[in-house]
Amino acid sequence: MIPQNFEYQTPASLKEALAMLSGGEAKILAGGMSLIPMMKLRLAAPERLVDLSRVPGLSGITEDAGVIRIGAMTTHHEIEDSTLLRVRCPLLAEAAANIGDVQVRNMGTIGGSVAHADPAADYPASLLALEAKVRLVSAKSERTLSLEEFLVDTLTTALEPGEILREVIVPVEAIGAGVNYQKMVQPASGFAIVGIAARVTKANGKPNFARVGVTGLAGKAYRAVNVEKVLLDTGDVQKAAAVVADGVDANGDLFASTEYRIRMAQVYTARALTQALARAV
Ligand SMILES: Cc1cc2nc3c(=O)[nH]c(=O)nc-3n(C[C@H](O)[C@H](O)[C@H](O)COP(=O)(O)OP(=O)(O)OC[C@H]3O[C@@H](n4cnc5c(N)ncnc54)[C@H](O)[C@@H]3O)c2cc1C
């Protein structure tokens, strides 16, 4: 339970942080909620930690030309509590409120969660449904990826050595859209056994736009385009929810077998769609 020795650095600017990371062997420390437990279990043993907590300009939530920019060091609590997000992008605030407990939400950051790429993390379902983007910076370059491009596999992302995830970009929600995040909680860890995020709009009482993100079911979170298609083709929530695991290599573990997880994904997809449709006007 004691981490291997490491060097600890506290850059005071983004430029300094990027210079410290450019060697490649250092690891970023954000809220420490995932990295420190991994270091204590010796699942991670970085030689150097670069703590971003004193770097100005990496946190905060701002609206800018139809999108909302969320700094990587913004905490889950700040996202849950943000009036801007609650009004203009409520799905993300709803997802944040479902993360862990008060302590985790006070320390953990959106950048850390997305970069960690835990397959049972809450944000990715909502961020995929929102078709979110991430802005990555390094000492030499800057690029913007969709979350789908960014999430490569379990605990694996498209981040290159020396890169910092600087901000997450989400759209301002459409007027009249209904959104919902439904999570089946693993009681010991608080993570999602399955988590389903849904966004819909309606015209003449029928769904005419749908986005569905799924976490917990597979090795990485994914967008359930087949669910979206069946919902738009048939308007039938149960038929749409039934295909959520089609073509997916579903996880199974001590808490939830593969079959049970798939069934729960169907149940929670139906709940998320029903709730989102009820909220859409
Ligand atoms: C008891 C407990 C319960 C939890 N329950 C949940 C839950 O229910 N749902 C959920 O989604 N999560 C849960 N978590 C995880 C939590 O959300 C973490 O906050 C999150 O996974 C990591 O964020 P962090 O800021 O703590 O990052 P850290 O732990 O500091 O870093 C995580 C990883 O991301 C990298 N990193 C961090 N920031 C950046 C950046 N800006 N750019 C590039 N790389 C970066 C680090 O190098 C490290 O590899 C829980 C954690 C705990 C301890």
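Throughout, numbering of the chain's residues begins at 1 and tracks the sequence. Order of listing sets the numbers, starting from 1, for every ligand and every atom in it.
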*Check each heavy atom of Ser34 against ligand 1 and say whether those closer than 4.0 Å belong to the side chain, the backbone, both or neither.*
both

*Which residue owns the protein heavy atom closest to atom 25 (O) of ligand 1, what's the atom, and how far is it?*
Thr109 OG1, 2.6 Å

*Counting only heavy atoms, which portion of Leu159 has something under 4.0 Å from ligand 1: side chain, backbone, both, or neither?*
side chain

_Close approach, Lys183 and ligand 1, non-hydrogen under 4.0 angstrom_ = yes

*Has Asp118 got any heavy atom lying under 4.0 angstrom from an atom of ligand 1?*
no

*Pick, from Gly112, Pro46, Ser53, Ala17, the option with the minimum heavy-atom distance to atom 37 (C) of ligand 1.*
Gly112

*Report yes if some N/O of Ala121 lies less than 3.5 Å from some N/O of ligand 1; otherwise report no.*
no

*Atoms of ligand 1, numbered as shown, that sit under 4.0 Å from any heavy atom of Ser113*: 20 (C), 21 (O), 22 (C), 23 (O)

*Would you kindly specify which portion of His76 sits under 4.0 Å from ligand 1, judged on non-hydrogen atoms: side chain, backbone, both or neither?*
side chain

_Euclidean distance, Met33 CE relative to Arg105 CZ, rounded to 0.5 Å_ = 13.0 Å

*Any idea which protein heavy atom is nearest atom 5 (N) of ligand 1, and the distance to it?*
Gly100 CA, 3.4 Å

*asked:* Checking the side chain of Gln266 only, and the main-chain atoms of Ala242 only, is there a donor and an acceptor separated by less than 3.5 Å?
replied: yes

*Provide, to 0.1 Å, the distance between atom 31 (O) of ligand 1 and the closest protein heavy atom, together with that atom's residue and name.*
Leu35 CB, 3.9 Å

_Using a 4.0 Å heavy-atom cut-off, which part of Val104 comes near ligand 1: side chain, backbone, both, or neither?_
side chain

*asked:* Check this for me - ligand 1, Gly190, N or O atoms closer than 3.5 angstrom, yes or no?
replied: yes

*Atom indices of ligand 1 within 4.0 angstrom of Ala72 heavy atoms, with elements*: 41 (N)

*Check whether any N or O atom of Leu52, backbone or side chain, sits under 3.5 Å from an N or O atom of ligand 1, and answer yes or no.*
no

*For Ala30, take its heavy atoms, then give the atoms of ligand 1 lying under 4.0 Å from any of them.*
25 (O), 27 (O), 30 (O), 37 (C), 38 (N)

*Examine ligand 1 and decide if any of its atoms is less than 4.0 Å from a heavy atom belonging to Ser189.*
yes

*From CD1 (Ile70) to CG (Leu58), nearest 0.5 Å*: 14.0 Å

_Below the 3.5 angstrom mark, is there an N/O of Ala120, backbone or side chain, next to an N/O of ligand 1?_
no

*Proximal ligand 1 atoms for Lys27, defined as those under 4.0 Å from one of its heavy atoms*: 47 (O), 49 (O)

*Can you tell me the protein heavy atom closest to atom 46 (C) of ligand 1 and the distance?*
Ile28 O, 3.0 Å

_Please enumerate all residues that pass side-chain hydrogen bond (donor to acceptor under 3.5 Å, both in side chains) together with Glu47, with sequence neighbours excluded._
none

*Taking N or O atoms only and a 3.5 Å limit, does Gly31 qualify as a polar contact for ligand 1?*
yes

*asked:* Same cluster or not: Leu92 versus Leu147, using hydrophobic residues (I, L, V, M, F, W, Y) connected whenever any side-chain heavy atoms lie under 4.5 Å apart?
replied: yes

*List, by chain and number, the other hydrophobic cluster members for Ile169, where Ile, Leu, Val, Met, Phe, Trp and Tyr join if side-chain heavy atoms come within less than 4.5 Å, directly or indirectly.*
Val67

*asked:* Salt bridge or not between Asp253 and Arg261? Use side-chain N to carboxylate O under 4.0 Å.
replied: yes

*Could you check atom 10 (C) of ligand 1 against the protein and tell me its nearest heavy-atom contact, residue, atom and distance included?*
Asp122 OD2, 3.5 Å

*Output the distance between atom CD1 (Ile110) and atom OG (Ser59), rounded to the nearest 0.5 Å.*
12.0 Å

*Determine, for Arg279 against Glu94, whether the closest basic-nitrogen to carboxylate-oxygen distance falls under 4.0 angstrom.*
yes

